[in-house]
Amino acid sequence: MTNIFQRKINLFTQCITLSAASIFSLNAYSDITPESMAGVAPGCSSSGTDTACWQGAINAATTPITAGDGPRFATVAGEAGKVYTITDTIKICGASNGVIDGHGAQLLWQGGSGKPMFLVVGSNSMRFTNFTIRAYATSPKALDTAFEFTSAPTSGFSYTTALPAGDCPNGLPTTSSKNSIDQVSVDGTTAGGLNYGVRFSNRYGVNGDEGINNDMSTIIDSSFYNVTSAVVKIEHGQSHQHRLISVNGFATEGNTNGCFVEGLRGFFSSTGGFQWGWGKANFCVDRTYGTFDINESNSEGSKRLLAAGDEGDNNSYPVSVNIHGGRFAVNGLHSDGKVIDFNRLGPLVVVGLHIDGTPPSGVQPKISMQPGQRIAPPVTTVASAIVNGVSFDTAGSVSSSTWDTLVVKSFVDLVAKGNLCSNAAGNTQPCTILRN
């Protein structure tokens, strides 16, 4: 009995020893800081700008320790509260499962226009967290993009002349996937200071099926301020399932044609967050396809909630948009009154949306669906919409019960139930529909 008990104690002691060794092994590599690169990375010194130091830290974190040992996977860590001056693009090439944690630092852009601050090529499961990016239109050049993600062609990756000199090496993984941005703040500060927050790009001839995947990234609990063109832009058809969760996006003052999310191709989902002041629409899906889910968005000052195609569009690719819940304030609404300007073949689903506020003088808020009927043989009608439980709660003397709040082409298969409009007495009544 004693021998059995002693063996159990020995086995327990061995497990503790092995666990301690494993923990030590897992933590054998400390965080790599830009400061540690002074005199080590080319161009990095304690007295110069910080670009080379950040680049050196990222290179060190993703370089194998010994041949065949694989990536180091160390965290690149900024110094809490420090302001780093960045004068050129920081490149991340073929990295996986790494973390860039600013610890509350600020990265101040002082580089040329047309460039991203972070260019992420053929990299997977990279996490950017806990820092601020700031740019000014005149100090000395605007920042084109805070984060740019792209895949690498199999022949290797090289920049256009508009971007920083130097290539990512050949032999990178061709795909980018499952990267994330969380607890990050990006501020263009002045009008024209920031063009895009995040681009899933095809600027380098990487598109179509050859472009491979640039998919499934997540942006969460982050805010983008003073943006000119778009907080998120998706540029090619192999860029799917991006998720925005509690992301705030503020356009520049007086924005004329920007979008919170601009989907040229690919598709995305957006849950929560606040959008303000977008001159075209919060969500723009003019020529794309796929399924878009927009849940519980909250918006003020924008021209539209959704823009999809032009009137009479009979594009052969249907696009499915699902809007569930959320609020859209009409204080900045377009003069045509279209909160949702949907001109694709559908299906469009809008359920539980709350539309409120006082529109500009003479503007009548509405949901509009005006696609073109397909005329190529065989003649078919594939357009459809479901609009249920929408509230047009316009304020003051503006009574939404006095106009058609749902305007839909007669050939569209429409289901519309439980939509309520306000009247002059301050009560609600069923909204009216125009089939044209």
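For reference, positions follow the sequence shown, starting with 1.
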Would a line drawn from the ring center of [X] to the ring center of [Y] be shorter than 6.0 Å?
X    : Y    : answer
F328 : H354 : no
F128 : F118 : yes
F224 : F250 : no

Under the 3.5 angstrom rule, does the side chain of [X] hit a backbone N or O of [Y] as a donor-acceptor pair?
X    : Y    : value
S422 : T428 : no
N388 : V351 : no
N214 : F149 : yes
R243 : M216 : yes
Q429 : L420 : no
S269 : D293 : no
S36  : T33  : yes
N331 : G301 : yes
S400 : T394 : no
H334 : K303 : no

So does [X] pair up with [Y], basic N to acidic O under 4.0 Å?
X    : Y    : answer
E296 : R327 : no
R199 : D144 : yes
R304 : D336 : yes
D404 : R435 : no
K233 : E148 : no

Side-chain contact test, heavy atoms from C-beta onward, threshold under 4.5 Å: evaluate it for [X] versus [Y] and give yes or no.
X    : Y    : result
F292 : V319 : yes
I323 : L305 : yes
L194 : T252 : no
V339 : L333 : yes

- Message: So, using salt bridge (Lys or Arg N to Asp or Glu O under 4.0 Å) as the criterion, who are the partners of E35 when residues are at least two apart?
- Response: K82

- Task: Take T291 and V321, measure what side chain to side chain contact (heavy atoms under 4.5 Å, CB included) needs, and give me the verdict at the end.
- Result: CA-CA 6 Å; T291 301; V321 177; over 6 Å; no

- For the pair N282 and S302, evaluate side-chain hydrogen bond (donor to acceptor under 3.5 Å, both in side chains) and give the outcome as yes or no after the intermediate values. CA-CA 7 Å; N282 293 339; S302 293; 2.7 Å; yes

- Where do E311 and K338 land on the salt bridge (Lys or Arg N to Asp or Glu O under 4.0 Å) test, with the steps shown first? CA-CA 12 Å; E311 279 199 30; K338 297 177 181 179; 2.7 Å; yes

- Mind running salt bridge (Lys or Arg N to Asp or Glu O under 4.0 Å) on D286 and K280 for me, showing each step along the way? CA-CA 11 Å; D286 284 349; K280 182 174 181 179; 2.4 Å; yes

- Task: Quick one: closest heavy-atom pair of P42 and A52, and the distance?
- Result: O-CB, 3.5 Å

- Donor-acceptor pair between N195 and S229 side chains, under 3.5 angstrom: yes

- Query: Between N423 and S399, do the side chains contain an N or O donor and an N or O acceptor separated by less than 3.5 Å?
  - Reply: no

